[in-house]
A.B. asks: 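For reference, the structure I am asking about is given below.
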Number of protein chains: 2
Amino acid sequence: MRVGTTEIYDDLLRKLVTATFKPGEKLKPTTLQGEYGCSANTIRDVLLRLSKVGVVEFEMQRGFRAQNTSPEHRHDITRFRILLEQEGVRLSILNGDLVWEARLSAAHHKLSHIESQIVRDNFNDFYATLWSDAEFEFHDTLISACGSEVLRETYGNIYVQFRQQMVNLERDFGTDYFKAIIHEHQTILDAALRRDIEGCQTAVFDHLKRNLTVDIK
Amino acid sequence: MRVGTTEIYDDLLRKLVTATFKPGEKLKPTTLQGEYGCSANTIRDVLLRLSKVGVVEFEMQRGFRAQNTSPEHRHDITRFRILLEQEGVRLSILNGDLVWEARLSAAHHKLSHIESQIVRDNFNDFYATLWSDAEFEFHDTLISACGSEVLRETYGNIYVQFRQQMVNLERDFGTDYFKAIIHEHQTILDAALRRDIEGCQTAVFDHLKRNLTVDIK
DNA sequence: AATATCAAAAATTTTGAAATTTAGTTGTTT
DNA sequence: AAACAACTAAATTTCAAAATTTTTGATATT
């Protein structure tokens, strides 16, 4: 299978956030080159770029590993995500115009539609990326009017890392879970459209707090 | 001149944050390989790693550039730095123990000593990295008890990007500037040791606000 | 039993050149 | 003169092999 580096990048990223590569697993260019029909250097190149996102760990002279997961790191990532999203939404509510409101409504509509389907059909591999992409689009749109490229880009990377930390979690992604999620997303949307900064920040916290492992200060 | 990749990395980073490479300047592996006596691929490797820090821009199929600077981006970086440092110092004051206080005092002592020398001798290339390193150590120590590796690591990268945004600024790094800085660092230290979260956050903001170009919300 | 030494194997990094892509120039057509 | 195509030079990316470094596992030493 001969593919371009964009395909290799996307495929490796997908395998990283779906735990096809287990956390901490060694990623050897010499092994992977066979699967993708390219040279080890190309794999190395792609892995360096993935380490920028934070889903791959790189250490000089000792290669690459899939980012490790742990309750502590998951907690840390979640806390950081809350910090960025709360500041992002604060600024978005201050700066956002009608177009932002419309885009947010659209993103939420798409997301809640998919979540309703999941409640009906149960969660499976087909919905995994569909839902994850839609959820990212909603949260990204939420902060998209913050006026800070740096904040938004950092949030994007953290979101991917967050997914990677979640995926191996033994958690029931059943009907109840998605029913709760639907309600939380609705609460976030309502507060945002109401221009209620504090209410929206609280809703964001309430949406993410289940991923915190110790009490937060 | 034959050097290892660590030396190449450090040398390129130094040239990026001292504007030896001008903002937006193209960084061509084929050109740079001559200077460092290595192959183009090795330079490429190093530049990919520097793009993780955020001082180099990479775009597929069109290579590398030194990160651009602009009043807007400088403002953005500064605002993000304020967000991270204010949260970092809040958590550090909540979590920090006596050892943290001692390390912070030590870092401040070293920094203020260097700053006093600069006031006496005037700022020059010799002091540039000496001061920058000491200033980073102070600010990094300030947030070092925050308990979040992710926050601290992100702050480190942002600090380097901040330096890069500052360096080409037409600003008088004369006696008055450093006298002001000395006072600001002292104010930050005092508030931290007094365990005054709000006071310290305000001191951090007052220290960085000169780099903001528009009013902040 | 624990630690140190060493050679072999495996993995990472670097190289130099080939293949591909982009950017710039010239020339043609409308 | 503007738009478009063809060509060329330069730069980026990819490759396969060589060089370097780390890891492994067996043997020897404390």
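Every chain is numbered from 1 and lettered A, B, ... according to where its sequence line falls, protein lines coming before strand lines.
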A.B. asks: For B:Tyr159, what residues pass the ring-ring contact (aromatic ring centres under 6.0 Å, His included) criterion, not counting sequence neighbours?
C.D. replies: B:Phe136
A.B. asks: In whole angstroms, how far is the C1' atom of C:dT12 from the CG atom of B:Asp45?
C.D. replies: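 So the two atoms are 10 Å apart, to the nearest Å.
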A.B. asks: Just by distance, no angles: are the side chains of B:Arg14 and B:Thr129 close enough, under 3.5 Å, to form a donor-acceptor pair?
C.D. replies: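 No pair is found: no donor N or O on one side chain lies under 3.5 Å from an acceptor on the other.
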A.B. asks: Restricting to salt bridge (Lys or Arg N to Asp or Glu O under 4.0 Å), what partner residues turn up for B:Arg62, sequence neighbours left out?
C.D. replies: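 Counting only residues at least two positions away or on another chain, B:Arg62 forms no salt bridge (Lys or Arg N to Asp or Glu O under 4.0 Å).
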A.B. asks: In whole angstrom, give the distance that lies between atom CE of B:Met60 and atom P of D:dT14.
C.D. replies: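 So the two atoms are 7 Å apart, to the nearest Å.
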A.B. asks: By a strict heavy-atom criterion of less than 4.0 Å, which residues belonging to residues 20-30 of chain A are in contact with DNA chain C?
C.D. replies: A:Lys26, A:Lys28, A:Pro29, A:Thr30
A.B. asks: In whole angstroms, how far is the P atom of D:dT12 from the CD atom of B:Glu59?
C.D. replies: 12 Å
A.B. asks: From the options C:dT13, D:dT12, C:dA23, select the nucleotide whose nearest atom is closest to the side chain of A:Arg44.
C.D. replies: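 The closest nucleotide is C:dT13.
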A.B. asks: Give the rounded distance in Å between these two atoms: CD of A:Gln61 and C1' of D:dT20.
C.D. replies: 8 Å
A.B. asks: Tell me, which pairs form a ring-ring contact (aromatic ring centres under 6.0 Å, His included) where one or both residues lie in residues 74-94 of chain B, sequence neighbours left out?
C.D. replies: none
A.B. asks: Are B:Thr31 and D:dA11 close enough that a side-chain N or O sits under 4.0 Å from OP1 or OP2?
C.D. replies: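 So the side-chain polar atoms of B:Thr31 never come under 4.0 Å of the phosphate oxygens OP1 or OP2 of D:dA11.
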A.B. asks: For A:Ile43 and C:dA11, what is the distance between atoms CD1 and P respectively, to the nearest whole Å?
C.D. replies: 15 Å
A.B. asks: Counting side-chain heavy atoms from CB outward, which of D:dC15, C:dT13, C:dT14 is closest to A:Thr42?
C.D. replies: D:dC15
A.B. asks: Rounded to whole angstroms, how far apart are CD on A:Gln33 and P on D:dT14?
C.D. replies: 14 Å
A.B. asks: Please determine whether any donor N or O and acceptor N or O are separated by less than 3.5 Å between the side chain of A:Asn41 and the base of C:dT15.
C.D. replies: yes
A.B. asks: Tell me, please, which residues at least two apart from A:Asp133 pass salt bridge (Lys or Arg N to Asp or Glu O under 4.0 Å).
C.D. replies: none
A.B. asks: May I have the distance from A:Leu47 (atom CG) to C:dA11 (atom P), rounded to whole angstrom?
C.D. replies: 15 Å
A.B. asks: Which residues pass the salt bridge (Lys or Arg N to Asp or Glu O under 4.0 Å) test with A:Arg65, not counting sequence neighbours?
C.D. replies: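 With sequence neighbours excluded, A:Arg65 shows a salt bridge (Lys or Arg N to Asp or Glu O under 4.0 Å) to no residue whatsoever.
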A.B. asks: Side-chain contact test, heavy atoms from C-beta onward, threshold under 4.5 Å: evaluate it for B:Thr31 versus B:Lys26 and give yes or no.
C.D. replies: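 When only atoms from C-beta onward are counted, B:Lys26 and B:Thr31 do not touch, as no gap falls below 4.5 Å.
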A.B. asks: Quick test of your reading: applying ring-ring contact (aromatic ring centres under 6.0 Å, His included), list the pairs with at least one residue in residues 41-71 of chain A, sequence neighbours left out, ordered by first then second residue.
C.D. replies: A:Phe58-A:Phe64
A.B. asks: Would you kindly give the OH-to-P distance between B:Tyr36 and C:dT14, to the nearest whole Å?
C.D. replies: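 After rounding, the reported distance stands at 15 Å.
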A.B. asks: Who are the salt bridge (Lys or Arg N to Asp or Glu O under 4.0 Å) partners of A:Glu137, not counting sequence neighbours?
C.D. replies: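 Counting only residues at least two positions away or on another chain, A:Glu137 forms a salt bridge (Lys or Arg N to Asp or Glu O under 4.0 Å) with A:Lys110.
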A.B. asks: Reckon B:Thr5 touches a base, only the sugar-phosphate, or nothing at all at heavy-atom distances under 4.0 Å?
C.D. replies: sugar-phosphate
A.B. asks: Just how large is the angle between the end axes of the helix from C:dA1-D:dT30 to C:dT30-D:dA1, five pairs per end, to 10 degrees?
C.D. replies: 30°
